[in-house]
Amino acid sequence: MRARRAVAALGLVAGAVAASAYWLRHTGSPSEHVDVYFADGSMVLFVPGSPEGDKLLPIARRVLAAARG
């Protein structure tokens with residue numbers, strides 16, 4: 001019985017690790033985007049490839065680089 005529990009626990013841990021690896025591989029790193037928040041609480045998201053995103057992303061990169069020093 002003890003060996004069966006150990007094998008079951010090992011299988012559970014291996015499954016969790018495999019699921020985590022699968023999730024991380026398929027979600028990847030967060031995509032680069034610009035969020036613009038307005039005073040009324042609304043928000044617009046601009047992604048690379050959109051005309052607005054292509055204009056705002058270089059500016060946002062420079063601002064973040066300056067803020068990080």
Side-chain angles (χ1 to χ4, degrees):
M1 276 313 250
R2 192 168 245 202
R4 185 176 276 175
R5 282 187 184 180
V7 170
L10 184 61
L12 181 64
V13 170
V17 169
S20 296
Y22 176 82
W23 182 74
L24 287 173
R25 177 167 291 209
H26 288 290
T27 58
S29 61
S31 63
E32 192 173 52
H33 63 275
V34 176
D35 295 334
V36 178
Y37 294 88
F38 296 96
D40 66 355
S42 61
M43 182 203 67
V44 179
L45 177 119
F46 298 112
V47 295
S50 68
E52 298 86 357
D54 289 340
K55 291 177 187 174
L56 291 172
L57 281 168
I59 298 167
R61 284 186 203 109
R62 284 192 303 251
V63 168
L64 287 174
R68 291 177 179 154

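None of these values were measured; they are calculated from a predicted model.
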* Structure fact -> Here the pair of heavy atoms bringing G53 nearest to P58 is O-CD, 4.3 Å
* Take R62 and I59 through the side-chain contact (heavy atoms from CB on, under 4.5 Å) test and state the conclusion after the steps. => CA-CA 5 Å; R62 284 192 303 251; I59 298 167; 3.4 Å; yes
* Asked: What distance do S50 atom OG and L57 atom CG have between them, rounded to the nearest 0.5 Å?
  -> 7.5 Å
Tell me which donor-acceptor pairs under 3.5 Å the side chains of residues 38-48 have, and how far apart each pair is, sequence neighbours excluded?
{"residue": "D40", "atom": "OD1", "partner": "S42", "partner atom": "N", "Å": "3.0"}
{"residue": "D40", "atom": "OD1", "partner": "S42", "partner atom": "OG", "Å": "2.7"}

* To do: Considering non-hydrogen atoms only, spot the tightest contact between D54 and G49 and give its length.
  => OD1-N, 3.0 Å
